[in-house]
Student: 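Below: one structure in structure tokens.
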Amino acid sequence: MKVLIPIKRVPDTDQKIQVKPDGSGIVTDGLPFVINPFDAIAVEEALRIREKSTDTVEVLAASIGPEVCEQQLRTALAMGADNATLIQCDASLDPWNVACVLRAFAGRYQPDLILMGKQGVDDDLSQTGQMLAALLDWPQATFASKIEFLGSGLRVTRETDAGLEIVRVTLPAVVTADLRLNEPRYASMTSIMKARKKTIERITTTELGVTIEPRLQLLGLEAVPSRRKSVRVGSLDELLVKLRAEEKLL
Amino acid sequence: MRALIICEHDGKGIRLGSRSAVAFANAVAEETRGSIECVLLGHSLAAVTQDASTYAPVLVADHPALENPVADRYAKVIADVVRQRGYDLVVAAATTFAKDILPRAAGLLGGAMASEVIGHEFRDGRLCFRRPLFAGAVVATVALNAKPQIVTIRPSAYPAASARPERCGVTSFAVDEAALPKKTEFEVLQSKLSNRPDVTEARIVVSGGRGIKNSEDFERLVGGLADRLHAATGSSRALVDAGITPNAFQVGQTGKVVAPDLYIALGISGAVQHLAGMKNSKTVVAINSDPEAPIFEVADYGLVGDVYELVPQWIARLNGK
């Protein structure tokens, strides 16, 4: 079985994000980048599938973007992915573009399962997996908190607003990982060293025959200032007076 | 613009968030001299149709094969509706229902989609959307380059549409069962019954964090105060990870986004990811024993103290003692 894990490079979530003065983007100088945390969960799940399976399971990590995305692919390799491919592209990509590139890549690689994060923690769009499933005409199971193999398909527990929903999908399928699917492992120093020596395959979006035509156009960014009163009250009674008298609440 | 609202329902009526989506669509239609319609998908939709028709003209896709909200089927029907009837804008409230189904429908309809929209404007006649990025630290203005434009809106950003004085028309949409995808089988929804309001719809939310030590204390303190205030309950990720609260309680970047009139944070330190889920609340109250807790920076009123002492006192005051 072949499992494809698309990896997105995102700013470390502990970092404070600053907007460029002209609003055209964020300040990236000195900003540390990581694997999108939800994609790391997807990598971990693929590794667990491989560890539990009696069949041969190949885990391929792929990232779309400039050369620097190699860092995140090395992290995936250090975690235990078998192979990695960098799909080279310098253009800025929206979920539609990423889904189109991944569809073309899946056409070559022929995975049985595409496992990816439920959203990128940078743009919080949560679209790519679903669009990709539509383009491939595969079933999807989004926001997965549990994945079980059943004969020729999957039984997936999904986290929804209404509670936990269980669906069965046939393979091939696209599954997107939610927070509680697993806790990703840390790579050991030995595996990080080994991962440095591995060859990362390269292909361009042009070679995949995909033209990048953005659908979601960014017109500008602005930082959001806090408008809170930030009043410290000294007692519960003072708090209740404020809420009732000033805010007309309670 | 001609707008289509994908209405989410509970088998009896449409969800409050869908009424916010109607309000957004109404606003765009008014500004563009356009029109709106809504579509209902499901089975045995008579009651829901009655309810929905008080807000907008209704298209009904009622079929046993649509009994459960399976993404591939629902997306296919939505795409068929849009192709056959030609809408410029497709909108739904940003819930897990729409987050699952709409991007898939967008994948079938050309891929122009903006998620979690919190505002809109026209620039030189072009519809632009405002949406948060980076856990709400940044707001982007975006535009969509293809038709239809597909959007999910945050209900907190658009007050729910009110009922119209007269009912609107109802049209049924024929579902071709043979053409529906059959690769997904719905097994079960394990929903927890709660007597409390939905956390995304409540006017007051009481939320607990690491300062709460176990499930009993959560129920007594957070639940107790919530019940006195007719409020919903939520929690930080820390309590979900500790098994103290269920997954669906999580408020934050990767959980639920709430914006009630009053958000009461009890023993919540205020990680950026949590703040992303509640920072648009109208008034925020924080009680925490750590005077340096970041939650105080986003609170209107902060009280330094032990929730185990202060919350029982608060409940006692509400009980008239």
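Both backbone and side-chain heavy atoms feed into the values below; hydrogens, waters and symmetry mates do not.
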Student: Checking heavy atoms, do the side chain of K99(B), its backbone, both or neither come under 4.5 Å from chain A?
Tutor: both

Student: How are the rings of Y263(B) and H274(B) set to each other: parallel, tilted or perpendicular (split at 30° and 60°)?
Tutor: tilted

Student: Heavy atoms only, distances under 4.5 angstrom: which of K76(B), E116(B), R130(B) has the most pairs with chain A? Name it, please.
Tutor: R130(B)

Student: If I compare all heavy atoms of E121(B) with all of R123(B), which pair ends up nearest, and what's the gap?
Tutor: OE2-NE, 2.7 Å

Student: Non-hydrogen atoms of chain A under 4.5 Å away: do they reach the side chain of V284(B), the backbone, both or neither?
Tutor: both

Student: For A99(A), is it the side chain, the backbone, both or neither that has a heavy atom under 4.5 Å from a heavy atom of chain B?
Tutor: neither

Student: Please name the pair of heavy atoms, one in P214(A) and one in N145(B), separated by the smallest distance, quoted to 0.1 Å.
Tutor: O-ND2, 3.2 Å

Student: Heavy-atom pairs under 4.5 Å with chain B are the metric here; pick the option from T170(A), T142(A), V167(A), V231(A) that has the most.
Tutor: V231(A)

Student: Quick one: what part of V272(B) sits under 4.5 Å from any heavy atom of chain A, side chain, backbone, both or neither?
Tutor: neither

Student: Sub-3.5 Å donor-acceptor pair from the side chain of K146(A) to the main-chain atoms of I166(A), do we have one?
Tutor: no

Student: Which heavy atom of A143(B) sits nearest to which heavy atom of L219(A), and what is that distance?
Tutor: CB-CD1, 4.0 Å

Student: Does any heavy atom of chain A fall under 4.5 Å from the side chain of A75(B), the backbone, both, or neither of them?
Tutor: neither

Student: Is it the backbone or the side chain of L229(B) that comes under 4.5 Å from a heavy atom of chain A, or both, or neither?
Tutor: side chain

Student: Treating R131(B) as the side-chain partner and D123(A) as the backbone partner, does any N or O pair qualify as donor plus acceptor under 3.5 Å?
Tutor: yes

Student: What part of P132(B) lies closer than 4.5 angstrom to a heavy atom of chain A: side chain, backbone, both or neither?
Tutor: backbone

Student: Looking at T184(B), T95(B), L303(B), L133(B), which one has more heavy-atom pairs under 4.5 Å with chain A than the rest?
Tutor: L303(B)

Student: Is D12(A) reaching over with its side chain to a backbone N or O of P32(A), donor-acceptor style, under 3.5 angstrom?
Tutor: no

Student: Apply side chain to side chain contact (heavy atoms under 4.5 Å, CB included) to the pair D261(B) and E247(A), showing each step before the final yes or no.
Tutor: CA-CA 10 Å; D261(B) 292 343; E247(A) 307 292 339; over 6 Å; no

Student: Tell me, out of V19(A), D178(A), D137(A), who's got the most heavy-atom pairs with chain B below 4.5 Å.
Tutor: D137(A)

Student: Carefully, step by step, assess D198(B) and T200(B) under the rule side-chain hydrogen bond (donor to acceptor under 3.5 Å, both in side chains).
Tutor: CA-CA 5 Å; D198(B) 184 303; T200(B) 58; 2.5 Å; yes

Student: Give the member of A141(A), S230(A), G163(A), G153(A) that has the highest number of heavy-atom pairs under 4.5 Å with chain B.
Tutor: S230(A)

Student: If you take all heavy atoms of V121(A) and N36(A), which pair is closest and at what distance?
Tutor: N-OD1, 3.1 Å

Student: So which of F134(B), F97(B), F129(B) has the largest heavy-atom pair count under 4.5 angstrom toward chain A?
Tutor: F134(B)

Student: Would you mind telling me which of R180(A), E159(A), E183(A) has the largest number of heavy-atom pairs within less than 4.5 Å of chain B?
Tutor: R180(A)

Student: Which atoms of R15(B) come close to chain A, meaning under 4.5 Å heavy atom to heavy atom: side chain ones, backbone ones, both, or neither?
Tutor: neither

Student: Looking only at heavy atoms, what is the nearest atom pair of R232(A) and F296(B), with distance?
Tutor: NH2-CB, 3.3 Å

Student: At a 4.5 Å cut-off on heavy atoms, which part of K282(B) comes close to chain A: side chain, backbone, both, or neither?
Tutor: backbone

Student: In terms of heavy-atom proximity below 4.5 Å to chain A, should Q273(B) be classed as side chain, backbone, both, or neither?
Tutor: side chain

Student: Taking the six-membered ring of Y109(A) as reference, does the cationic atom of K2(A) (NZ for Lys, CZ for Arg) lie under 6.0 Å from its centre and within 45° of its axis?
Tutor: yes

Student: So which of E238(A), K118(A), Q119(A), R155(A) has the largest heavy-atom pair count under 4.5 angstrom toward chain B?
Tutor: R155(A)

Student: Is I26(A) close to chain B through its backbone or its side chain, or both, or neither, when contacts mean heavy atoms under 4.5 Å?
Tutor: side chain

Student: Using non-hydrogen atoms and a 4.5 Å limit, figure out which bit of D100(B) sits close to chain A: side chain, backbone, both or neither.
Tutor: both

Student: Checking heavy atoms, do the side chain of L243(A), its backbone, both or neither come under 4.5 Å from chain B?
Tutor: side chain

Student: At a 4.5 Å cut-off on heavy atoms, which part of T128(A) comes close to chain B: side chain, backbone, both, or neither?
Tutor: neither

Student: Counting only heavy atoms closer than 4.5 Å, note whether L240(A) contacts chain B via side chain, backbone, both or neither.
Tutor: side chain

Student: Over 60° means perpendicular and under 30° means parallel, so classify the ring planes of H120(B) and F122(B), tilted if in between.
Tutor: perpendicular

Student: Heavy-atom distances under 4.5 Å only: say whether L239(A) touches chain B with side chain, backbone, both or neither.
Tutor: side chain

Student: Which value, rounded to the nearest 0.5 Å, describes the distance between Q149(B) atom CD and M113(B) atom CE?
Tutor: 12.5 Å

Student: Picking from N97(A), V10(A), L221(A), which has the most non-hydrogen pairs under 4.5 angstrom with chain B?
Tutor: L221(A)

Student: Can you tell me which of I287(B), V240(B), D72(B) forms the most heavy-atom pairs within a distance under 4.5 Å of chain A?
Tutor: V240(B)

Student: Ignoring hydrogens and angles, state whether a donor on the side chain of D22(A) or S24(A) is under 3.5 Å from an acceptor on the partner side chain.
Tutor: yes

Student: So, for V34(A) and P11(A), which heavy atoms are closest and what is the spacing to 0.1 Å?
Tutor: CG2-O, 4.2 Å

Student: Please flag which part of L216(A) lies under 4.5 Å from any non-hydrogen atom of chain B: side chain, backbone, both or neither.
Tutor: both

